[in-house]
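Take a look at the structure below.
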Amino acid sequence: MIVALAQGQRIEASAAQRGPKFTCPNCKAPVILKKGRVRTHHFAHKPPTACTWAVGETAAHMKAKNALCEAFRQSGRQAEVEVEVLSTSGDRRADVVVWSRDGKTRVAFEIQHQPLSFEGIEQRTRGYIAANVPVLWMGLLSAKVIDGADLKGGNLVIERYSPRQWEKWAHAFAFKNIWFMDDQGCLWRGVLTSHQIEVPYSSWYNSDGSEESAGGYKRFSKRWRTLTLSGPFQIADLMIKLKDRDPWENKEFKLPKSKVVTLTTKTKA
Ligand SMILES: [Zn+2]
């Protein structure tokens, strides 16, 4: 948790000094300021706690949302980390919220680090839609995945990538684009395409001397996709744009009607 309350006001761990009492914005219990040299400055609940904001948050997730918020601020945008978004369709806590230049509208960025079902991501996205805060879902790209990629035509290509449910959903939702952040804080635009498996040709003779054969064709893998990554991009080189999408569904999942947050590269003048 990066943001706590001090005397009812939001305070970020990086700006906080030891001394005052800090409380969790969600459960209002006291939290402890943790300012180390390695991990992202943060607040921690005192165990035991039943607060939903205390569970399942990894150091990588905290580091990533902090880096994303800082990058938006450095590019001159108004951004906040860990923002409660109230909605008639379930309240959300956005990892990062960025304001439009005129300050009238907001978009949310969610960094998804854990598995999440089709239904889970759809429901969370509907919460943002009901609050009129469009959301962009972003994954984390480990050094291991980048190291295993092939360099092809200036892109990184992972021939056999097994996307999580939320990744398939977010990719379809954002018009066949999914953004990732690497552990250096740089962004990559990912595109998933079907992966073909070659079924080799073989032939054999039966005991009665007749010949049979099989294979010699390609089929689409159910499990694997090819992930093509372009980048790395810096936040300062990207623009936020909104695009309308109509509802859509296939056998696996549904996409709601929404404004979709897209990131586009600034064209050089
Ligand atoms: Zn709490």
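None of the values given here were measured: they were computed from a predicted structure. Because only heavy atoms are used, hydrogens play no part in the values below, and waters and symmetry mates are left out as well, while side chains stay in. First listed ligand is number 1; within each ligand, the first listed atom is number 1.
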For Phe118, does the six-membered ring have the charged nitrogen or CZ of Lys168 within the cation-pi criterion, i.e. under 6.0 angstrom from the centroid and within 45° of the normal? no

Trp179 and Phe233: aromatic ring centres closer than 6.0 Å? yes

Could you pull out all residues at least two apart from Lys152 that satisfy side-chain hydrogen bond (donor to acceptor under 3.5 Å, both in side chains)? Glu159

Taking atom types as modelled and ignoring hydrogens, do the side chains of Tyr217 and Glu198 form a donor-acceptor contact shorter than 3.5 angstrom? no

Quick one about Ser100 and Thr105 (side-chain donor to acceptor, distance below 3.5 Å, no hydrogens or angles considered), yes or no? yes

So for atom NZ, which belongs to Lys35, do other residues, nucleotides or ligands contribute more than 12 heavy atoms lying within a distance under 6.0 Å? yes

Under 2.8 Å from the Zn ion (ligand 1), which protein atoms of type N, O or S occur, listed by chain and number? Cys24 SG, Cys27 SG, His45 NE2, Cys51 SG

